[in-house]
Each structure stands twice: as structure tokens, then as C-alpha cells.
Amino acid sequence: MTTVRTPAGWPATEEEARAVQDELRARVVIDEPGPVPGTGHVTGVDVAYDDERDVVVAAAVVLDAASLDVVAEATAAGRVSFPYVPGLLAFREIPAVLAALDALPCPPGLVVCDGYGLAHPRRFGLASHLGVLTGLPVIGVAKNPFTFTYDDPGPRRGSSAPLLAGEEEVGRALRTRDGVKPVFVSVGHRVALDNACAHVLALTPAYRLPETTRRADSLCRRALQETTTRHAPAPRGAGG
DNA sequence: GCGACAG
DNA sequence: ATCTTGTCGC
């Protein structure tokens, strides 16, 4: 497990953070189709927190896109660098995610992160921010519709409906399992929305959430537990 | 002004 | 995000 370094000039206030988003959003690339689903690598990233101890742990898990087998994984631990503020999630998650991605022994290929990309108050959510900073193709898959609206997609896996900010389609509500609540897909960087949805379907052969996020989620939780346990008071009785 | 609000 | 065991169902 490597150590998180907060990037130089990381914003300290919400006002500064919003200014960073307003400046960087011009660098988002939306005219590339992105990787072909089922080819190359797909990497899930996720972050777990222990705010009590001010600890953050990120995980990056690389899957073979065709088999969904784990090819590589890495974790990074450090101090929390920003509070959770709706619309500013990226400033809380990105330093740890960058450290985990840097620790990987191979290229990540397409990155799938929890949360949103262009579906964001200033059209620059976590997935777009991570894409601009790394240059990698990135998509966002969220479990909740945030502030956006959508009509319920059809009941079958594969059905989708626009995720709307007023009249603007900022993403898609995509049904990944028959009769189960959809996930919310949006473009991050260098991937088209249709292709992003195709990737998500390729990553959900068995569960609502993509295998990438499931794997990254369990890994960062496990790593956080170990970090937390190691720094906790020595347990009474048995143990070693 | 107040509430809602990705993780 | 996190608090948290058993339990209903295929």
C-alpha cells in the first residue's frame, strides 16, 4: 500500500475548488468514442474513509475487459484532503485515487469510477476531473440520480432513459439487471455516452454494479480495515 | 431564505 | 461514505 500525497496547490476552500472546476472543465474531451468494450483493460477505482481517524484509502483494480479476471491491483492510504461537499466530491477522492493508479504495475486502460462526470452542477464531476488530470478515458457510474431527473427505463436489463438536467441530457439511467433500480452513467473524459453504457453492460454480467466498482469497493474497504486495525489500541486477550 | 444533494 | 445480523429467496 503506497502513501497519498496531496497535490501541490490543492484547493483549501469550496470557493477555490469551484474555481478549479470552472477552469479545468474546458479540457474535457468528448469527441472520442473511447475503447471498444470487451477489449484491453478496465480499471475500477474507489475510496473508503475513516473520518474519525482522518484516514482515506483508495483502491484500483485492473480487470481484463474480456474475461473480467483481475489482472492487477493497488491501494494507497493517507489523510483526508477535503470534506464531502455535494458537487466537490472530486477534491475528496482524487488525491488517493491518483496514488493508487500510480502504484499499478500496468496501464489502467478505461477507468470506471463511482459518481459522475459531466452529470454535475458545473459539468465537471469526479470522472471528468480524473480524466483531465490523467489523460485516461474515464466514465462515471453512480448509484443515485443526484439532483437529476429521469423517466424510469423499461424493466429489462439494457433499457435506458436520459438523465436530465432540465432539457440537457447529462447521462443515462441504465438498467443493468431485470427489474432492479438502474445505475446512472455519465461521460467522464474521452468516451462517448453510448459507448460508456456499452461498457457498463459488459461489466454487469451478474450484479447491478460493474465488476470494477465491486472489486475496487471491497479492496479499499479491506485495506481501510487493516489500516484502522493496525493503529487501534491493542486488543485484549488473544491475537497476534 | 430553506432544503436537497455523487461518495 | 458509515452505522450493522440475521434473514428471505433462488
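Because only heavy atoms are used, hydrogens play no part in the values below, and waters and symmetry mates are left out as well, while side chains stay in. Numbered from 1 within each chain, the chains take letters A, B, ... in sequence-line order.
- Using bins of under 30°, 30° to 60° and over 60° for the plane-to-plane angle, the ring pair A:F146/A:Y116 lands in the parallel bin.
- Separating the CD1 atom of A:I94 from the C1' atom of B:dG7 is a distance of 13 Å, rounded to the nearest angstrom.
- Here the straight-line distance linking atom CG of A:L201 with atom CG of A:L174 works out to 4.5 Å at 0.5 Å rounding.
- In this model, the phosphate group of B:dG7 is approached by a side-chain N or O of A:N144 to a distance below 4.0 Å at OP1 or OP2.
- Pairs engaging residues 9-19 of chain A under the side chain to side chain donor-acceptor pair (under 3.5 Å) rule: A:E14-A:R18 [sequence neighbours left out].
- Distance, A:Y150 OH to B:dA6 P: 13 Å, rounded to whole Å.
- Look at CG on A:D114: it is 18 Å from P on B:dC5, rounded to the nearest Å.
- For A:F91 and B:dA6, the CZ to C1' distance is 14 Å, given to the nearest whole Å.
- If you take CZ of A:R122 and P of B:dA6, they are 14 Å apart, rounded to a whole angstrom.
- Within 4.0 Å of A:A48, counting heavy atoms only, lie sugar-phosphate atoms of the nucleic acid but no base atom.
- At a threshold of 4.0 angstrom between heavy atoms, the contacts of A:Y116 include nucleobase atoms, whether or not backbone atoms are also involved.
- Which of B:dC5, B:dA6, B:dG7 sits closest to the side chain of A:T147 comes down to B:dC5.
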Dot-bracket summary - DNA chain C, pairs being Watson-Crick or G-U whose distances fall under 3.5 Å, with | when paired to another strand: ..........
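- Nearest to the side-chain atoms of A:F146 among the listed nucleotides B:dC5, C:dT2, B:dG7 stands B:dC5.
- Residue contacts for A:G140: at a heavy-atom cut-off of 4.0 Å it reaches no nucleic acid atom on any strand shown.
- A:D50 comes within 4.0 angstrom of nothing in the nucleic acid, heavy atoms only.
- Contact check, A:K143 against B:dG7: a side-chain N or O comes under 4.0 Å of OP1 or OP2.
- Taking A:R215 as the reference, nothing meets the side-chain hydrogen bond (donor to acceptor under 3.5 Å, both in side chains) condition, with sequence neighbours excluded.
- Annotation for A:R5: atom CZ does not count as buried by contact number, only 12 or fewer foreign heavy atoms lying within 6.0 Å.
- An OP1 or OP2 oxygen of B:dA6 is reached within less than 4.0 angstrom by a side-chain nitrogen or oxygen of A:Y84.
- If you take CZ of A:R177 and C1' of C:dC10, they are 13 Å apart, rounded to a whole angstrom.
- In A:R122, the CZ atom is crowded: over 12 heavy atoms of neighbouring residues, nucleotides or ligands sit closer than 6.0 Å.
- Here A:L88 lies in heavy-atom contact (under 4.0 Å) with a base.
- Rounding to whole angstrom units, CG of residue A:L163 and P of B:dA6 are separated by 12 Å.
- From A:L209, atom CG reaches atom CG of A:D114 across 8.0 Å, with rounding to the nearest 0.5 Å.
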Test log, rule side-chain hydrogen bond (donor to acceptor under 3.5 Å, both in side chains), inputs A:T227 and A:R53: CA-CA 10 Å; A:T227 306; A:R53 298 170 198 266; over 6 Å; no
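- One interatomic measurement links the two molecules: CG of A:D51 to P of C:dC3, which rounds to 11 Å at whole-angstrom precision.
- The phosphate of B:dA6 (OP1 or OP2) has no side-chain N or O of A:R92 nearer than 4.0 angstrom.
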